[in-house]
Amino acid sequence: MEFVDIDIAVPWGQLSCRWYGNRQVRPLLAVHGLLDNLGTFARLLPLLPQHLGVLCVDQPGHGRSSPYPDGMQYSLEDWVSVIRRVVLHFKWKRVSLMGHSLGSVVCNLYAALHPRDHVDMLIAIDMLKIRLKSNEYYIEALVKSVERMLRPPRAVQLFTAEQLQKMRWPTAPLVSEADAQDLLDRCLLPAAQESNKFYLSRDFRPSHITVYTIEDNITLELYKRIKKVPYLVIKADGSNFLNDENIPVIDILRANNPNFEYHLAKGSHHAHIENPEQLAAWIVPFINKYRPSSRWEDPGHTTTCKL
């Protein structure tokens, strides 16, 4: 697909975005998962309706977006603010969202925290909420997170082109080497000190992100705020990120959104990379129904972004 790369200035550097397809109308904003990058959507996007572009964003410290300064901590709330920064940058009145994994959680929180008519469509791929674990687990995770964030940065590891071709993506171990290339390419930079070698630019600190689970009663109250938003949920049958624990959330979303859909895909947590055609079979009619080409000229759906 044709695309244009866009950098959005932020206080710590830049947010790196890639806008695929049509740029004459407000796009679908796509948010990747933890330790991935916008390359996660590369195999899915060419299968989506061509009248609607897709703007993918690298979260801070991922892909080609600037990492936080040394000593700073990453958090879930920061990811939500990234969506807001993008919306304000382009002066959108509304936003259409698609997220994978933690990106879905972030999209849900954004929708819950903003006025009902601001988010006009939401697609969540294989995650809805942070999984509940014991209090002891979160206390120990917090201790480790603080200590790990104070450690010196890891030494840069260099790779040859041959090594990279055989590399699997760490957060997607079931994705083939070939299918992992879009994720690798997004954070691949040539090494200045050694010709013909490369390094991965991603920041490893987000692996220690402070993801406290919000108490279940608060989570349910947040999701009750997402009303009358066309909502598509896709679960991967080989993944446990959407389990029985999510049933109360799904019940709330289904009750509050008459245009709610739920589908079960075959594959791992990264089913959108392994078999994008399968997911496109549900996402395409969903987009065509709620953001059809006939609405291009609706003032609420157009944009005058300067690219």
So do the side chains of [X] and [Y] get within less than 4.5 Å of each other, counting heavy atoms only?
X	Y	value
V95	H114	no
L34	W79	yes
L28	L55	no
Y74	P67	yes
R168	P173	no
N257	L122	no
W12	M72	no
N256	K224	yes

Given 3.5 Å as the limit, does a donor-acceptor pair link the side chain of [X] with the main chain of [Y], or not?
X	Y	answer
N22	H51	yes
H62	P60	yes
S96	D120	no
S239	G267	no
S104	I125	yes

Any chance [atom1] of [X] has more than 12 other-residue heavy atoms, nucleotides or ligands included, within less than 6.0 Å?
X	atom1	value
E277	CD	yes
N196	CG	no
D244	CG	no
Q193	CD	yes

Examine R202 relative to W169 and say whether NZ or CZ is less than 6.0 Å from the centre of the six-membered ring and inside a 45° cone about the ring axis.
yes
How long is the straight-line distance from [atom2] of [Y] back to [atom1] of [X], given to the nearest 0.5 Å?
X	Y	atom1	atom2	answer
L48	I287	CG	CD1	5.0 Å
Q157	Q163	CD	CD	8.0 Å
L200	M167	CG	CE	5.5 Å
Q278	I283	CD	CD1	10.5 Å
Q50	E2	CD	CD	10.0 Å
R26	K91	CZ	NZ	15.5 Å

Is there a ring pair (Phe, Tyr, Trp, His ring centres under 6.0 Å) between F159 and F198 once you walk through the steps?
CA-CA 5 Å; F159 303 90; F198 305 84; 9.5 Å; no
Would you call the rings of [X] and [Y] parallel, tilted or perpendicular, taking 30° and 60° as the class edges?
X	Y	result
Y231	F260	tilted
H272	H270	parallel
W19	F90	perpendicular
W282	H263	parallel

I would like to know whether L184 and L188 meet side-chain contact (heavy atoms from CB on, under 4.5 Å); could you show each step before the answer?
CA-CA 6 Å; L184 280 167; L188 200 61; 5.5 Å; no
Test of understanding: clusters of I, L, V, M, F, W, Y form through side-chain heavy atoms closer than 4.5 Å, transitively. Do [X] and [Y] belong to the same one?
X	Y	value
I273	L242	no
L44	L264	no
F286	L47	no
I226	V31	yes
L88	I83	no

Can we say E162 and K166 salt-bridge, meaning some charged N sits less than 4.0 Å from an Asp/Glu carboxylate O?
yes
Determine the minimum heavy-atom distance between [X] and [Y], stating which atoms define it.
X	Y	result
D117	R94	O-CD, 3.0 Å
M127	V105	CG-CG2, 3.8 Å
W92	P27	CZ2-CD, 3.4 Å
Q181	L164	NE2-O, 3.2 Å
M1	F3	O-CD2, 3.5 Å
G39	D182	O-CB, 3.5 Å

Among R64, R186, Q14, find the residue that satisfies the side chain to side chain donor-acceptor pair (under 3.5 Å) test when tested with D58.
R186
From CA spacing to verdict: side-chain contact (heavy atoms from CB on, under 4.5 Å), L76, L109:
CA-CA 10 Å; L76 183 62; L109 286 174; 3.7 Å; yes
What's the verdict on side chain to side chain donor-acceptor pair (under 3.5 Å) for D126 and H269, showing C-alpha distance, side-chain angles and the deciding distance?
CA-CA 6 Å; D126 207 44; H269 184 52; 2.6 Å; yes
Is a side-chain donor-acceptor pair under 3.5 Å present for N108 with Y223?
yes
Under the rule for salt bridge (charged side-chain N to carboxylate O under 4.0 Å, His left out), what residues qualify as partners of D78, not counting sequence neighbours?
none
State yes or no: are the ring centers of Y110 and H118 separated by less than 6.0 Å?
yes
Test log, rule side-chain contact (heavy atoms from CB on, under 4.5 Å), inputs F41 and V54:
CA-CA 10 Å; F41 297 110; V54 181; over 6 Å; no
Before giving the answer on side-chain contact (heavy atoms from CB on, under 4.5 Å), spell out for Q165 and E177 the whole-Å C-alpha distance, their side-chain angles and the decisive distance to 0.1 Å.
CA-CA 7 Å; Q165 289 175 354; E177 294 95 332; over 6 Å; no
